[in-house]
Amino acid sequence: MKAPPFGYVKARELGQVFDLLDQHGDEAKILAGGQSLIPSLNLRLSRPTLLIDINAIADLQGIRETAETIVVGALATHVALEKSPIISRYVPLVAAAMPHIAHPAIRNRGTIGGSLAFADPAAELPACATALEATFILRGRSAERRVKAAGFFHGLFETDLRPGEILAAIEFPKATASHRFAFSELARRHGDYAMIGLAAASPQPGTLRLAYFGVADRPVAADRAAACLVKDGAAGIEAACACLAEDLEPSGDLNAGPQTKLHLAGVLLQRALPSLLTSA
């Protein structure tokens with residue numbers, strides 16, 4: 001199918017973006033990598049009257065290091081994250097997730113900001129951001145808000161972004177020497193959206209966050225299961241798997257029913273355990 005007619009503006013700075021958003025409201029869509037938006041246009045699932053191309057805005061580019069965080073501009077592509085030595089060293093969970101995201105052609109164009117703002121519950125990066133307790137930097141014309149990942153995803157393709165705001169950057173805490181992580185997903189074919197996946201992070205001994213994706217309308221933190229592993233280590237795996245039924249309550253989809261997804265969640269947790277045990 002072909003996309004319906006729409007206007008196009010290549011914005012040169014953020015003020016122009018906010019002007020256009022004010023003028024066009026919900027009829028305007030932000031265009032970054034376009035790897036989710038363009039297919040939705042072609043399928044006529046989305047019918048904006050204006051696309052605002054933000055790729056020329058320098059404020060939204062780059063990956064930089066601060067004393068305690070790594071700040072990733074919303075326009076950083078997946079391949080930039082995949083090849084970045086800063087991400088590999090300080091945000092290794094995201095580096096591990098990158099090869100699982102679609103295919104090279106899509107990773108060359110797709111952006112972290114686009115993926116997170118699209119908020120597909122089966123996507124890898126929302127779960128990684130949740131496991132790492134990333135902070136989302138949201139900019140409006142006159143103010144900036146900082147929102148934790150756990151509060152950013154509201155539901156299927158729904159986020160905390162307000163009218164007139166854009167996702168400008170994502171801030172990840174820097175991994176230290178004690179940081180442990182695990183990433184795993186199950187998909188019918190490599191590059192497909194996952195049937196179910198797990199992003200896990202243990203920033204320091206005694207802390208563990210498990211974020212599942214592909215099980216609900218947003219990433220889901222399995223806090224009870226994490227508590228079992230923190231308390232008992234490997235001996236707590238059976239109890240942790242049992243707790244997943246309370247943490248997740250997965251709904252079925254075309255790939256698998258709820259009980260199958262729950263079983264697979266336990267399989268992924270057991271696979272992740274060796275990578276997490278030293279700090280769990």
May I have the step-by-step check of side-chain contact (heavy atoms from CB on, under 4.5 Å) for H179 and Q204, ending in yes or no? CA-CA 6 Å; H179 180 87; Q204 57 191 5; over 6 Å; no

Determine, step by step, whether L269 and I237 satisfy the side-chain contact (heavy atoms from CB on, under 4.5 Å) criterion, reporting the C-alpha distance in whole Å, the side-chain angles of both residues, the deciding distance to 0.1 Å, and the verdict. CA-CA 8 Å; L269 186 56; I237 185 63; 3.9 Å; yes

Linking directly or through intermediates, with side-chain heavy atoms under 4.5 Å: list the remaining ILVMFWY members grouped with I137, chain and number order.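 Once heavy-atom contacts under 4.5 Å are chained together, I137 still belongs with nothing else.
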
If you link ILVMFWY side chains whenever their heavy atoms are less than 4.5 Å apart, which other residues fall into the same cluster as L156? By chain and number, please.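 Members other than L156 - counting any ILVMFWY side chain reachable under 4.5 Å - are F118, F157.
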
Go through the steps to decide whether K29 and S46 satisfy the test side-chain contact (heavy atoms from CB on, under 4.5 Å), and finish with yes or no. CA-CA 9 Å; K29 291 287 186 184; S46 182; 3.7 Å; yes

What pair of heavy atoms forms the shortest contact from [X] to [Y], and how long is it?
X	Y	result
A194	A187	CA-CB, 4.1 Å
C128	A97	SG-CB, 3.6 Å
A129	A149	O-CB, 3.4 Å
T176	P203	OG1-O, 3.8 Å
T159	A119	CG2-CB, 3.6 Å

Only distances under 3.5 Å count here; give the side-chain donor-acceptor pairs of residues 49-60 to other protein atoms, sequence neighbours excluded, each with its distance to 0.1 Å.
from : atom 1 : to  : atom 2 : distance (Å)
T49  : OG1    : E27 : O      : 3.3
D53  : OD1    : N55 : N      : 2.9
D53  : OD1    : N55 : ND2    : 2.8
D53  : OD2    : Y8  : OH     : 2.5
N55  : ND2    : A32 : O      : 2.9

Is there a donor-acceptor pair under 3.5 Å between the side chain of [X] and the backbone N or O of [Y]?
X	Y	result
H190	P99	yes
T130	P126	yes
N108	P104	yes
R180	L276	no

Could I get the full list of side chain to side chain contact (heavy atoms under 4.5 Å, CB included) partners for P4, not counting sequence neighbours?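 Side chain to side chain contact (heavy atoms under 4.5 Å, CB included) list for P4, sorted by chain: R44, R47.
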
Side chains of residues 12-19: which donor-acceptor partners sit under 3.5 Å, not counting sequence neighbours?
from : atom 1 : to   : atom 2 : distance (Å)
E13  : OE1    : G15  : N      : 2.7
E13  : OE2    : Q16  : N      : 3.1
Q16  : OE1    : R12  : N      : 2.8
D19  : OD1    : R141 : NH1    : 3.0
D19  : OD1    : R141 : NH2    : 2.7

Determine which pairs satisfy salt bridge (Lys or Arg N to Asp or Glu O under 4.0 Å) with at least one residue from residues 61-78, sequence neighbours left out, and list them in order.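 Pairs touching residues 61-78 that pass the test: E65-K174.
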
Tell me which pairs pass salt bridge (Lys or Arg N to Asp or Glu O under 4.0 Å) where either residue lies in residues 233-253, with sequence neighbours left out.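 Checked against salt bridge (Lys or Arg N to Asp or Glu O under 4.0 Å) - neighbours excluded - the pairs reaching residues 233-253 are R224-E246, R224-D247, D253-K261.
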
Identify whether L248 and L198 are in the same connected component of the hydrophobic contact network (ILVMFWY, side-chain heavy atoms under 4.5 Å).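 In one cluster: yes.
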
In terms of hydrophobic clustering (I, L, V, M, F, W, Y; side-chain heavy atoms under 4.5 Å; direct or indirect links), are L210 and V220 co-clustered?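 Yes, same cluster.
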
Is there any ring pair (Phe, Tyr, Trp, His ring centres under 6.0 Å) pair reaching into [range], and which pairs are they, with sequence neighbours excluded?
range	answer
residues 214-245	none
residues 212-242	F183-F213
residues 128-153	F136-F152, F136-F153
residues 24-71	none

Taking 4.0 angstrom as the limit, do E165 and R145 come out as a salt bridge?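 Between R145 and E165 there is a salt bridge, with a charged N closer than 4.0 Å to a carboxylate O.
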
Steps toward salt bridge (Lys or Arg N to Asp or Glu O under 4.0 Å) verdict (R209, E133): CA-CA 9 Å; R209 289 188 292 274; E133 293 191 309; 2.9 Å; yes

Please list every donor-acceptor pair under 3.5 Å in which a side-chain atom of residues 78-95 meets a protein atom from a residue at least two apart or in another chain.
from : atom 1 : to   : atom 2 : distance (Å)
E82  : OE1    : R107 : NE     : 3.1
S84  : OG     : I86  : N      : 3.2
S84  : OG     : I87  : N      : 3.2

Can you tell me how far apart [atom1] ([X]) and [atom2] ([Y]) are? Round to the nearest 0.5 Å.
X	Y	atom1	atom2	answer
D223	L208	CG	CG	9.5 Å
I63	F172	CD1	CZ	9.5 Å
T77	Q61	OG1	CD	9.0 Å
L161	L116	CG	CG	10.0 Å
L268	S184	CG	OG	4.5 Å
R139	I166	CZ	CD1	7.5 Å

Above 12 or not: heavy atoms from other molecules or residues under 6.0 Å from CD of Q259?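 Open.
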
With a cut-off of 6.0 Å (strictly less than), are more than 12 heavy atoms of other residues, nucleotides or ligands near NE2 of H154?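 Counting neighbours around NE2 of H154, more than 12 heavy atoms of other residues, nucleotides or ligands fall under 6.0 Å, so yes.
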
pair [X]-[Y]: side-chain heavy atoms closer than 4.5 Å:
X	Y	answer
M98	L125	yes
T135	V147	no
S178	P205	yes
T207	V230	no
L31	I38	yes
L264	M195	yes
C241	Q270	yes

Which residue in the set L167, L21, L37, L20 passes side chain to side chain contact (heavy atoms under 4.5 Å, CB included) when paired with I30?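 Testing I30 for a side chain to side chain contact (heavy atoms under 4.5 Å, CB included) against L167, L21, L37, L20 leaves exactly one candidate, L21.
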
